[in-house]
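Computed over heavy atoms, backbone and side chain alike; hydrogens, waters and symmetry mates excluded. Sequence lines set the chain letters: A, B, ... in the order given, protein chains first and strands last, and positions in each chain run from 1. Just so you know, these numbers come straight off a predicted model, no measurement behind them.
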Protein chains: 2
Amino acid sequence: MHKATQRTLLEDVAREAGVSTASVSRVLNHAPNVSERLREKVTAAIDRLGYVPDGTARALASRRIGAIGALVPTLDNPIFGAMIDSLEQRLKRHDCRLLIATYRYDLDDELEALRTLIQQGVDGLVLIGHDHRPAALTTLQRRQLPFLTCWHAEEDPDWPCIGFDNAGPARALAEHLLMLGHRQLAVVSAPVDSNDRARARLEGFRQAAEATGCPVPPERIVTVEYGIAEGCQAFESLMRQQPPPTAILCGNDTLAFGVMLAAQRAGIRIPEELSITGFDDLPQARFMSPPLTTIAVPAAEIGRRVADALIARIGGETTPHRQLIDAPLVLRASTGPPPVQQPKP
Amino acid sequence: MHKATQRTLLEDVAREAGVSTASVSRVLNHAPNVSERLREKVTAAIDRLGYVPDGTARALASRRIGAIGALVPTLDNPIFGAMIDSLEQRLKRHDCRLLIATYRYDLDDELEALRTLIQQGVDGLVLIGHDHRPAALTTLQRRQLPFLTCWHAEEDPDWPCIGFDNAGPARALAEHLLMLGHRQLAVVSAPVDSNDRARARLEGFRQAAEATGCPVPPERIVTVEYGIAEGCQAFESLMRQQPPPTAILCGNDTLAFGVMLAAQRAGIRIPEELSITGFDDLPQARFMSPPLTTIAVPAAEIGRRVADALIARIGGETTPHRQLIDAPLVLRASTGPPPVQQPKP
DNA sequence: CCGCAGTATGTAAGCGCTTACAATTTTGAT
DNA sequence: ATCAAAATTGTAAGCGCTTACATACTGCGG
């Protein structure tokens, strides 16, 4: 047993206000059919006693914890930081807290983290992307937990989503380059295993290239981990090839930064000698020199919409199974027509 | 009352294993004095039934929720993202979850968020910096909640901290410039209200300048919000002055990026005509051209140490009241001797 | 062979709320 | 006024665990 607690309990408030505990609870929870007089008596007693409800007891009794869980690959990537930031801000409006867990793109870790969060009692869950262990879905369904995926737009009856098309904009980027006359395309991609977004972007690049009759050969597709230095390395290995590419499509802005920096270090002019594209539109993209042509990923908007939709679902409402947000192509100065003659003939 | 639940309860496990509920609980919580035989019977029953303990019930009964709260100004700044990322990873090792709340540098919001997290039942709390509402401290103390501040190194018996000195490295940065011969220093600072870190950095810049006999005049200190564009603006307003500064000390890397970009746009060579320093050492700092001289803020290390220390405190152990981590000066190419003659005589 | 310390397990009383249901009061149409 | 329906408040049974305390063993020195 526990020692008698010193803290003010709901029962104390009830006594102080001269009402029942149920009434105090009702006032606390803004239940309907509570008279103004009752409300006043109770709030006055609460103020007098400095009462603070106990979240854990409330969670046990009401079966909701007042928090959702978010599973993100990493918070080291600022694009996810931006999304989580807006998600948390918006959840606050709904009086909901946020539990986060990261899994470094390891889907087994994701599944484990998901189970942990569920065990913790979260009222809902947000996942990034469409790639997950099958057990994740069955667990979610068995518990009938409201959930949402985001950052992608796959049509899948099992996975409701709020996100954007990754392939389409990637295609648009490639088409933009092809339209400019580029025929020697190269791609720097993030690892595609366990990452549908990276895969979709890569696929988009490929499709556009193939549709124009100049598919990207495998050696022109290099996969590297996330990071500026990694982008630099990718550039090196790509530019060793003959003929060198006239344009490099990058799976995200950070890789593009690396590629761009390495190119400049090598004395290659952008976009005159080499065009570069990114994906994300991080804040610094428009400040690079030249400013980076990229896709504006609606990270903050996703956060807001996920918050609203998940809260609605938790409240028993139904929300669209799939919400598509535009991820517009942002044309800047890192792309231009290919050089008329090969740099090294 | 509630409907009879379908879910497997601890009681079911007890029945299945032919033991008492207390025994199941003991096995679950790795209590001492549990025989191997009991443990096996119980774990077997758990597996057979697919039992998953209920976090909320456990929280109510045991008075710990298995999660700590983190109060950060924003997650939109990648330096905090990096810290939260490592914090969460490390907490996971200790089987502890993370609840986050942001407050946009508004200390009233911080206080409110703190109260919300406490009400939620968090086992401990991490705050950023030394500036907080007095009520935050009293609330923390009244609840006897383990807590830690970080990102600063103020000696204050009330606030245990794990962080780094902000003023010292700022001083080092300014001294570095003064040593190079600069006498026309300027500062671009983040807003210092409610932000002891920004204030300490500014103070460090000032002290060093004054100690060398060339204090920074007020018009040479411009305060702008966080952002690259804001850094650009700061540059403009600074370079309008006569004589223009030969070096600009920035309160963080992002502002420094802005200043650097605006300088380059204006055709000013760095560091020949203008030296620039940052603070944070974001990943891109070493990839700027020229690479940015800055202070390496140990964000990931702070996350790890905070996790370990807070877990220890929650466990009743005492940890050092103040842990100082080095934030080294990283000399790169954005700083150099001032031009011999003024650019515009 | 007894008794005591130490170990292992069981019993059941909470933890501090929410909410189904009952009881009471108010309202509104006769 | 009269009574059913609606609105308001009260009663008390959980929610699913943990843990203090009681009980039952176990082994060992005397």
Can you tell me how far apart CD (Q323(A)) and CG (D308(A)) are? Round to the nearest 0.5 Å.
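Atom-to-atom, Q323(A):CD and D308(A):CG are 9.0 Å apart.
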Residue-phosphate contact under 4.0 Å: [X] side-chain N/O, [N] OP1/OP2:
X	N	value
S23(A)	dG10(D)	yes
S20(B)	dG10(C)	yes
R63(A)	dC17(C)	no
N33(A)	dT8(D)	yes

Could you please name the option among [options] that lies closest to any side-chain atom of [X]?
X	options	value
A61(A)	dA12(C), dT18(C), dG16(D)	dT18(C)
L10(A)	dT18(C), dC21(D), dG16(D)	dT18(C)
V19(B)	dC17(C), dG16(D), dG10(C)	dG10(C)
R58(A)	dT18(C), dT11(D), dC15(D)	dT18(C)
Y51(A)	dC17(C), dA12(C), dT9(C)	dC17(C)
R64(A)	dC17(C), dT9(C), dT19(C)	dT19(C)
S62(A)	dT19(C), dT7(C), dA12(C)	dT19(C)

Tell me which of T21(A) and R37(A) sits closer to the 5' end of DNA chain D, going by the nucleotide each one is nearest to.
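Looking at DNA chain D, the more 5' nearest nucleotide goes with R37(A).
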If you look at every strand shown and take non-hydrogen atoms under 4.0 Å, does S35(B) touch a base, only sugar-phosphate, or nothing?
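If one applies the 4.0 Å heavy-atom cut-off, S35(B) turns out to touch the sugar-phosphate alone, with no base involved.
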Across the strands shown, which category fits L28(B) at heavy-atom distances under 4.0 angstrom: base, sugar-phosphate, nothing?
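L28(B): no heavy atom of the nucleic acid under 4.0 Å.
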Aromatic rings H130(B) and W159(B): how do their planes relate, parallel, tilted or perpendicular, breaks at 30° and 60°?
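The arrangement is perpendicular - the two ring planes meet at more than 60°.
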So W151(B) and F164(B), would you call those rings parallel, tilted or perpendicular, with 30° and 60° as cut-offs?
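Rings of W151(B) and F164(B): perpendicular, over 60°.
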Between [atom2] of [N] and [atom1] of [X], the distance in whole Å:
X	N	atom1	atom2	value
D54(A)	dT18(C)	CG	P	10 Å
E11(A)	dT11(D)	CD	C1'	13 Å
E36(A)	dT26(C)	CD	P	17 Å
R26(B)	dA20(D)	CZ	P	10 Å
L38(A)	dT24(C)	CG	P	17 Å
Q120(A)	dC17(D)	CD	C1'	14 Å
L9(B)	dT18(D)	CG	C1'	15 Å
L60(B)	dT19(D)	CG	P	11 Å

Salt-bridge criterion met for D54(A) and R63(B) (N-O under 4.0 Å):
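Result for this pair is yes, salt bridge flagged.
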Please determine whether a side-chain nitrogen of the Lys or Arg among R97(A) and D95(A) lies less than 4.0 Å from a carboxylate oxygen of the Asp or Glu.
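Result for this pair is yes, salt bridge flagged.
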Please give me the minimum heavy-atom distance between G121(B) and I65(B), naming the atom from each residue.
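Looking at all heavy atoms of both residues, the closest pair is O-CG2, 3.2 Å.
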